**Student:** 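Dumping the structure here so I can ask a few things about it.
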Protein chains: 2
Amino acid sequence: MDAEPLGVPEEAAVGARLKRMRQVFGLTQRELARRAGVTNGAISLIEQGRVSPSISSLKKILDGIPMSLAEFFTIDLAASEDVFFRADDLTEIAFEARISFRMVGHPLKERALQMLHETYRSGADTGEAMLRHDGEEAGIVVRGRLLVTVGDQEQALGAGDAYYFKSRIPHRFRNPFDELCEVISANSPPSF
Amino acid sequence: MDAEPLGVPEEAAVGARLKRMRQVFGLTQRELARRAGVTNGAISLIEQGRVSPSISSLKKILDGIPMSLAEFFTIDLAASEDVFFRADDLTEIAFEARISFRMVGHPLKERALQMLHETYRSGADTGEAMLRHDGEEAGIVVRGRLLVTVGDQEQALGAGDAYYFKSRIPHRFRNPFDELCEVISANSPPSF
DNA sequence: AGAAGGTGTTGATTATTCTAAACGGTATCC
DNA sequence: GGATACCGTTTAGAATAATCAACACCTTCT
């Protein structure tokens, strides 16, 4: 009706959505247009909300990403909010004086994965009583050295070294060295 | 490109999908068109797959149902298959000579709900050892009378009477009367 | 500075979709 | 039997979307 579709939220939403998806996949309008077999102009118009694409052309474009129509309309953009967390924003998990665990992501949210930024000061030890819990965990040493014990294996890991094991296997982390050690770890499902 | 979009599955799929949705909601093309503020012709063309509607018009049409674009593209039409089950098709769950449990739906399919058509002949009893399991259950007596025990409460229910309780509470069903008793029950999540 | 190659955006034309109004078919009512 | 009231379908023309080609802008390179 109107020349300017101001009051129509869905068009703009589709455009914004497409732009978001395209950017998430690291594509330019032209690159996506080439892959999809449409013109870059069409994508520009759609993203600006100046036209409402037909299902067929939207599908054609999404095929170039690639992404299904169902995905396109279903994926919750808000859910991918808070992708970045500043170091200061990480939630501290008290453990022991010499150990600091700082969690990536919101504490309360239901998640399939948990990531921790761990700091082991000299002399830190998760305890003689080995840790055991469900899931699997992995980590990479960022700075300093860490003595990792998993089952009957024990290794001193330096910066860049990593571990991966099933958390049911008794494990322990120690820093018997005199320099501070930082580790980035992840476990799934979350067990803290 | 072609006048006849034979090789394009998606358009036809959208048309068929729309037709299905419209029919499921018991609407005629004209009625839906009236609600959506489009012409019945447009709906006809779309359903035949002769055009690929724009997002804006598809949304307008779906608003008339009403249904979101996400729903429209997500809902699995095949999943709503086998909606009706003849009495003879209900799967019998052997229990006791005087008790018959006949399940609605396919035994193997993952479901959030289970419905049973239960028959308690005179003297039937689910057992002195009370039943306990996860979930919640409800039922309505269709015929005869049933003595229902839930925790420390006990009631004789007649036709039309019903119950609802958390299945963790010990429960028992008995028919000490001399007429046959039929009950329709449901429990979620399925526990048989 | 200027050329080259990238980005997204914009008119004029072509192609497609939507509307409006008709058509044929079927069931119901009188 | 004919009028009425639905149904879905179809066609000509108005409205909208997509293309093509140019445009303005920004980096990078020489």
Side-chain angles (χ1 to χ4, degrees), chain A residues 1-67 69 72-73, chain B residues 1-67 69 72-73:
Chain A
M1 304 289 183
D2 298 321
E4 185 69 24
L6 279 173
V8 187
E10 200 60 36
E11 271 81 318
V14 167
R17 211 163 247 271
L18 177 60
K19 185 170 188 173
R20 219 17 228 296
M21 300 303 177
R22 176 174 65 78
Q23 290 171 336
V24 165
F25 281 78
L27 300 171
T28 65
Q29 287 184 347
R30 286 185 137 88
E31 172 60 16
L32 177 55
R34 194 192 57 71
R35 293 197 196 188
V38 300
T39 60
N40 60 308
I43 294 179
S44 177
L45 275 316
I46 293 168
E47 289 191 351
Q48 294 172 80
R50 289 176 49 180
V51 299
S52 180
S54 69
I55 299 292
S56 61
S57 54
L58 179 59
K59 168 162 170 48
K60 212 156 72 172
I61 291 168
L62 293 178
D63 283 344
I65 289 184
M67 171 176 288
L69 284 163
F72 180 77
F73 285 106
Chain B
M1 304 286 186
D2 298 321
E4 185 68 24
L6 278 172
V8 188
E10 199 61 36
E11 270 83 318
V14 168
R17 211 163 247 272
L18 176 60
K19 185 169 187 173
R20 210 32 219 292
M21 300 303 178
R22 176 174 64 79
Q23 289 172 336
V24 165
F25 282 78
L27 300 171
T28 66
Q29 288 184 346
R30 287 185 138 88
E31 173 61 15
L32 177 54
R34 192 191 58 71
R35 292 196 195 187
V38 300
T39 58
N40 60 309
I43 294 179
S44 177
L45 276 318
I46 292 167
E47 288 190 352
Q48 294 172 82
R50 289 174 49 176
V51 299
S52 179
S54 69
I55 299 291
S56 62
S57 54
L58 179 60
K59 170 165 168 45
K60 212 156 74 173
I61 292 168
L62 293 178
D63 283 345
I65 288 186
M67 170 177 289
L69 284 163
F72 180 76
F73 286 106

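In the text below, chain A, chain B and the rest are named by the order of the sequence lines, each starting its count at 1. Keep in mind the model is a prediction, meaning the values are calculated, not measured.
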**Student:** I need the CD1-P distance between Ile55(B) and dT16(D), as an integer number of Å.
**Tutor:**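 The answer, rounded to whole Å, is 17 Å.
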**Student:** With a cut-off of less than 4.0 Å, is there a side-chain N or O of Ser54(B) near OP1 or OP2 of dC18(C)?
**Tutor:** yes
**Student:** Measure the distance from CZ on Arg34(A) to P on dT7(C) and round it to the nearest whole Å.
**Tutor:** 11 Å
**Student:** Between Asp63(B) and Pro66(B), what is the shortest heavy-atom contact and its length?
**Tutor:** O-CB, 3.3 Å
**Student:** Atom CD1 of Ile61(B) and atom C1' of dT17(C): how far apart are they, to the nearest Å?
**Tutor:** 11 Å
**Student:** Give, for atom CD of Glu47(A) and atom CZ of Arg22(A), the distance between the pair rounded to the nearest 0.5 Å.
**Tutor:** 4.0 Å
**Student:** Is the shortest heavy-atom distance from the side chain of Phe72(A) to the side chain of Ile65(A) under 4.5 Å?
**Tutor:** no
**Student:** Which heavy atom of Gly64(A) sits nearest to which heavy atom of Leu27(A), and what is that distance?
**Tutor:** O-CD1, 4.3 Å
**Student:** Can you find a heavy atom in the side chain of Asn40(A) that is under 4.5 Å from one in the side chain of Leu32(A)?
**Tutor:** no
**Student:** How long is the span from the CZ atom in Arg17(B) to the CE atom in Met21(B), to the nearest 0.5 Å?
**Tutor:**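 Between atom CZ of Arg17(B) and atom CE of Met21(B) there are 5.0 Å.
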**Student:** I'd like a table of atom pairs between the protein and nucleotides 4-11 of chain D - only N or O on both sides, under 3.5 Å - with the distance next to each one.
**Tutor:**
{"residue": "dC7(D)", "atom": "OP1", "partner": "Thr28(B)", "partner atom": "OG1", "Å": "2.8"}
{"residue": "dG8(D)", "atom": "OP1", "partner": "Arg22(B)", "partner atom": "NH1", "Å": "3.1"}
{"residue": "dG8(D)", "atom": "OP2", "partner": "Gln29(B)", "partner atom": "N", "Å": "2.9"}
{"residue": "dG8(D)", "atom": "N7", "partner": "Arg30(B)", "partner atom": "NH1", "Å": "2.4"}
{"residue": "dG8(D)", "atom": "O6", "partner": "Arg30(B)", "partner atom": "NH1", "Å": "3.1"}
{"residue": "dG8(D)", "atom": "O6", "partner": "Arg30(B)", "partner atom": "NH2", "Å": "3.3"}
{"residue": "dT9(D)", "atom": "OP2", "partner": "Gln29(B)", "partner atom": "NE2", "Å": "3.0"}
{"residue": "dT9(D)", "atom": "OP2", "partner": "Ser44(B)", "partner atom": "OG", "Å": "2.9"}
{"residue": "dT9(D)", "atom": "O4", "partner": "Asn40(B)", "partner atom": "ND2", "Å": "3.0"}
{"residue": "dT10(D)", "atom": "OP2", "partner": "Gln48(B)", "partner atom": "OE1", "Å": "2.6"}
{"residue": "dT10(D)", "atom": "OP2", "partner": "Arg50(B)", "partner atom": "NH1", "Å": "2.8"}

**Student:** Respond yes when some side-chain nitrogen or oxygen of Thr39(A) is under 4.0 Å from OP1 or OP2 of dC20(D), and no when none is.
**Tutor:**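 For Thr39(A), the contact criterion (side-chain N or O under 4.0 Å from OP1 or OP2 of dC20(D)) is not met.
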